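Heads up, the thing below is written out as structure tokens.
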Amino acid sequence: MKERETLNERRRRADAEARRKKKLVAELYADFEKRREMRRQIERGWQLNMNFIGGNQYCDISPRGVEEEDDGFFWQSRKCFNHIAPTIETRLARLAKVRPSLNVRAFSDADDDVKTARLCSNILKSVKNRVDLDKVVERATLWSESCGTAFYKVVWNYDDGNVIGTDETGKSVHEGDVNVVALSPFEIYPDSLTAEDMSEVKSLIHAKAVPVSDIYEKFGLELKGRTVTDFPLAPYSAAGGWKRPSDGDFRPAIENAEILIERYIRPNGQYPDGRLEIAAGGVLLFEGPLPYRNGDRGERTLPFIRQTCIGLAGAFYGTCVVDRMIPLQRAYNAVRNRKHEFLNRLSMGVIAVEDGSVDAEELADEGLYPGKVLVYRQGSAKPEFLDCGSLPDEFEKEEERISNEFILVSGMSQVTRNSLNPTHVTSATGLQLLIDQDTNRMRMSVESVERAVKEAGKQILHLYRQFASAQRVLRMTGTGGYTELVCFQGSDISSDDVQFDTGYETTPEREREELLAMLELGLLQDKDGRMSDDARNKVLDALGYGSLENARDISRLHLRKAEKENVLLLTKEVEADGYDDHALHIAEHTRALLSGGERDDAVKERMLRHLEAHRTKRSQTE
């Protein structure tokens, strides 16, 4: 009897759990549809932008979506003279320079903090090369310039990294590693469209159509799948923009797919560790706390980073220059097309004929080509061309006005956008000032990219601190330029003060110009007007000729040997070799003593003894 009651109790609990999951899935899908409908009009604006960038510029937003505009008359010209696409390409080229190197600043001058900061900096460099962060930023920037907003998702991929063994099924087990992916704004649904920052978003849905095979591989659940066409996995409009002409009206679709919905909820009173709920095909795939401790204080938060082209007050999604250029593009297309129609009338002419005097159908089909014999009825007026006048000057003036407005609205001058110098400025300083003005106009977009990259660097370090529990090996550049293999684990990552090496304004070309200016001013010479070997080596390295100098002069090799000796002296005695350049070694060891901060007395004594050995050997050879 008790066993039967226990079995019935289990069944009741299982039924209650099934009803709870079914209710949760229904609520999740209802929340997704609500957010999707709330954002519908904004989404159509993104589709319109992409149509105009792609060259399909005779479309507009209607209650049913983005649709093609009807022809006014069959003879009207509807050509596109795309000024938006080259403007976006120029902005992307300028923003491609925003690839700052991420470094971690030490908490203090203590050796342990300096070592930790160097380890974290090399971790960021390693991840940047492995995930090709520059390409990820380039893709996100393309989305933000096209639609106004883009997102990054920083996650821990358990199937990445080195293989450390196999499980009971024989499947390889990896140590895991960080992945950074760029997301389009079509995939992100916040709980509020008025949140001005990610910190104000309480919950966020990431929805994307994925093949059911990927869902099975990740969650172990086999779904039936369907043909997904009603979801902007590939942005679509009825106008047929940004597609090949051969596609016709074919709507992009994914076969055997389902919409994978992930809802992230920030920690609150009900969920102290936050909440992650994942569903697809009407089935709950996962529910639990937020997986990542990626907050500044180790708290669990959303693994998403927002990047905007131009931020809007009181809006989650930003805007872009395409929104501002669309009215100008419509006006410019209209002026150019009407101008061409007028020129066609002037060149082809408009013929007036008396009714019944000629074969009107033949005249309409063939026109009055050179050498044509025109036969008209005797006694009637012969056909003649109407005077269409000359092209009005207003066409040229209006075209020029709109072109100037393109420059004003896009934030790109003709110097940058068209490689022209309409101001006839000939001095290098004046041209540089014009270029700097364009840089200042793009400052908002630049700062958004920099903030996003910096936040991505912080979240990368937080994920390593959380998940790199076992020892990992990292090849990194050590002191003196030597390659080191370092073993570390998550507990060794205690610093996340990510900083930039260089900003947007500093480019390699500008650095070379400033260096050459310092050389001309003599700022790198000593009191006797000579340049030391060390200074010359550094100048050649900055100019990209460091390897040439190393082949001609061994002073750089002596300096690297002295730097390596500085590292070895931290733990043991090092003898001075007779073939050393003692002057260079003495200068480098003295620099290490003066800039090394607080050192142990034993280390300082070893360095002083090593210095004295160099002085003794130098006096013996003189």
Side-chain angles (χ1 to χ4, degrees), residues 102 104 116 118-137 139-140 151-183 206 208 210-211 213-221 260 262 264 273-278 280 285-305 452-453 455-476 484-496 498:
L102 294 174
V104 178
T116 299
R118 187 161 60 91
L119 170 64
C120 295
S121 298
N122 280 277
I123 289 175
L124 291 178
K125 292 177 183 177
S126 175
V127 173
K128 179 181 179 181
N129 295 330
R130 182 178 57 80
V131 304
D132 197 358
L133 187 59
D134 289 346
K135 185 176 181 180
V136 175
V137 175
R139 181 184 175 190
F151 297 87
Y152 300 87
K153 189 177 184 182
V154 185
V155 298
W156 185 266
N157 186 359
Y158 291 94
D159 296 328
D160 204 347
N162 298 323
V163 178
I164 57 177
T166 56
D167 58 12
E168 59 275 6
T169 62
K171 185 179 178 181
S172 298
V173 177
H174 298 258
E175 61 182 358
D177 219 325
V178 172
N179 275 2
V180 183
V181 294
L183 303 178
H206 176 207
K208 185 177 182 179
V210 297
S213 57
D214 293 349
I215 298 176
Y216 176 76
E217 182 178 354
K218 186 174 182 180
F219 298 98
L221 183 64
L260 183 67
E262 303 174 358
Y264 296 80
D273 290 332
R275 190 73 172 169
L276 172 59
E277 299 160 348
I278 304 176
L285 301 177
F286 175 84
E287 60 173 329
L290 290 176
Y292 306 131
R293 300 182 180 273
N294 49 1
D296 290 337
R297 293 176 295 276
E299 72 275 14
R300 299 178 188 270
T301 184
L302 309 181
F304 297 94
I305 303 166
V453 173
E455 180 62 26
K458 289 184 178 181
Q459 293 203 19
I460 288 170
L461 293 178
H462 293 157
L463 292 185
Y464 270 106
R465 183 189 303 172
Q466 179 181 356
F467 292 104
S469 56
Q471 289 287 340
R472 304 170 73 96
V473 178
L474 174 68
R475 181 184 291 113
M476 56 185 281
E484 301 176 5
L485 290 177
V486 177
C487 292
F488 74 97
Q489 56 186 7
S491 58
D492 297 328
I493 303 174
S494 58
S495 179
D496 59 359
V498 178

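Only a predicted model underlies this, so the values are computations on that prediction, with no experimental measurement involved.
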Tell me if the CZ atom of F286 is crowded by more than 12 foreign heavy atoms within 6.0 Å.
yes
Taking atom types as modelled, is there a side-chain donor on Y158 or D177 under 3.5 Å from an acceptor on the other?
no
Between E455 (side chain only) and I305 (backbone N and O only), is there a donor and an acceptor less than 3.5 Å apart?
no
When rounded to the nearest 0.5 Å, the distance separating CG of L461 from CD of Q466 is 13.0 Å
Check the angle between the aromatic planes of F304 and Y264 and answer parallel, tilted or perpendicular using the 30° and 60° thresholds.
perpendicular
Interatomic distance, L260 atom CG to F219 atom CZ [nearest 0.5 angstrom]
5.5 Å
Under 3.5 Å, side chain of Y292 to main-chain N/O of L463, donor-acceptor pair present?
no
Here the gap from L276 atom CG to H206 atom NE2, rounded to the nearest 0.5 Å, amounts to 12.0 Å
Apply salt bridge (charged side-chain N to carboxylate O under 4.0 Å, His left out) to E262 and list each qualifying residue two or more places apart in sequence or on a separate chain.
K153
Begin with the C-alpha distance, continue with both residues' side-chain angles, and end with the deciding distance and a verdict on side chain to side chain contact (heavy atoms under 4.5 Å, CB included) for V178 and W156.
CA-CA 5 Å; V178 172; W156 185 266; 3.6 Å; yes
Using side-chain contact (heavy atoms from CB on, under 4.5 Å) as the criterion, point out the one residue from N179, V181, V180 that pairs with V155.
N179
Apply side-chain hydrogen bond (donor to acceptor under 3.5 Å, both in side chains) to E299 and list each qualifying residue two or more places apart in sequence or on a separate chain.
none
Flag the pair V127 / N129 as yes when at least one side-chain heavy-atom distance between them is below 4.5 Å, and no otherwise.
no
Spell out, as yes or no, whether a donor-acceptor pair under 3.5 Å connects the side chain of R300 to the backbone of G274.
no
Which residues pass the salt bridge (charged side-chain N to carboxylate O under 4.0 Å, His left out) test with D160, sequence neighbours left out?
R130
Kindly compute the distance separating CG (L124) from CD1 (I460), expressed to the nearest 0.5 Å.
6.0 Å
Backbone N or O of T301 within a donor-acceptor pair of the N294 side chain at under 3.5 Å?
yes
